[in-house]
Amino acid sequence: MTEPTVNEDQNPLTKPKFIISAVVVALIVALGIILALLPKGGGTPAAGPSTSGSTTASTPPSVAAAASVCGLPSGDQAKPATTPTDTKWELVGKIAAPTSPTQFGPGKTEPNGLRSCFAHSPTGALYAGANIVILASSGHNDLVLRHLTVDGPERDKMLESSSPSGNSGAPSFQLAGFKLTDYTGDRAVIEYGFKVSNGTFGSLPVVLQWSGGDWKAVPPASGQPEGKQLADLSGYIPWEGV
């Protein structure tokens, strides 16, 4: 496995109990609260796809505007059913983020830390969701809200309530696996599995929509996606950089 290269931003998970911003309310808060407060080993892992086999069929992109903003090819439209073998990893803060800049994304990495432009494919969505969660957890919540979240009133409210990150004492996590539970060409639902520094495991669902030539996070109209503490990562396809 390729050693992670260090990104300039070295901020760990911030804000008490992982509450970094409203986008993290949508993506991370539930995971942070549950994993920080519940005893180790609690919860029951949800059943998921087997890691055997290579791919499963999926609906291809259905719109003409399938091209990515930086020209990444759409490529294979089958949902990944095994660990992506060619993944490289870069540290964003203290969290290893997956990268495949010429195939799946991020095709663009800006000096301010923004990681964007992902392939219009199930694997592109997988990379996008992971990078969005990791960026939001590493002090880049404002960038995520402005550039990697679907436009709408929920996003506007999040921008209004977004606050600077603080408190680096919260438990940190590393991406460790995934389940791509749904993919319909322009929408994806992915559950990411995490290993947390306090010895627990957890999962968090992320909803993505293809918008403006890239994958964007979809904030919930009401409520929050439920993060879960897991006894282990059984049922998740392994995917980790450290």
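The nearest pair of heavy atoms linking Y183 to A188 is CD1-CB, 3.8 Å. Heavy atoms only, all atoms of each residue included: L233 and A176 are closest at CD1-CB, 3.4 Å. Listed here is the closest heavy atom pair of F104 and L72: C-CD1, 3.8 Å. Closest approach of V92 to A97, counting heavy atoms only: CG2-CB, 3.8 Å.
In this model, a donor atom of one side chain and an acceptor atom of the other lie less than 3.5 Å apart for T87 and W239. A donor-acceptor contact closer than 3.5 angstrom is absent between the side chains of Y127 and S100.
Both tests hold for K179 against Y236: distance to the six-membered ring centre under 6.0 Å, angle to the ring axis within 45°.
With sequence neighbours left out, E110 forms a side chain to side chain donor-acceptor pair (under 3.5 Å) with no residue at all. With sequence neighbours excluded, the residues satisfying side chain to side chain contact (heavy atoms under 4.5 Å, CB included) with K216 are V150, S211, D214. For P73, the side chain to side chain contact (heavy atoms under 4.5 Å, CB included) test picks out no residue, with sequence neighbours left out. With sequence neighbours excluded, no residue forms a side chain to side chain contact (heavy atoms under 4.5 Å, CB included) with T102. Under the side chain to side chain donor-acceptor pair (under 3.5 Å) criterion, Y192 pairs with no residue, sequence neighbours left out. Taking the side chain to side chain contact (heavy atoms under 4.5 Å, CB included) definition, one finds that R146 meets it with D142, R155, L159, sequence neighbours left out.
One finds the NZ atom of K108 at 14.0 Å from the CZ atom of R115 (value rounded to the nearest 0.5 Å). Once rounded to the nearest 0.5 Å, the distance linking NE2 of H147 with CG of L135 reads 11.0 Å. To the nearest 0.5 Å, the span separating CG on L143 from CG on L148 amounts to 8.0 Å.
Put simply, the side chain of S172 never gets that close to the backbone of S197: no donor and acceptor are under 3.5 Å apart. Between the side chain of E240 and the backbone N or O of K195 there is no donor-acceptor pair closer than 3.5 Å. Side-chain atoms of T200 do not come within 3.5 Å of backbone N or O of V196 as any donor-acceptor pair.
Classified by interplanar angle (parallel below 30°, tilted 30° to 60°, perpendicular above 60°), the ring pair H120/W210 is parallel.
Residues in residues 83-133 take part in these disulfide bond (SG atoms under 2.5 Å apart) pairs, two or more places apart or across chains: C70-C117.
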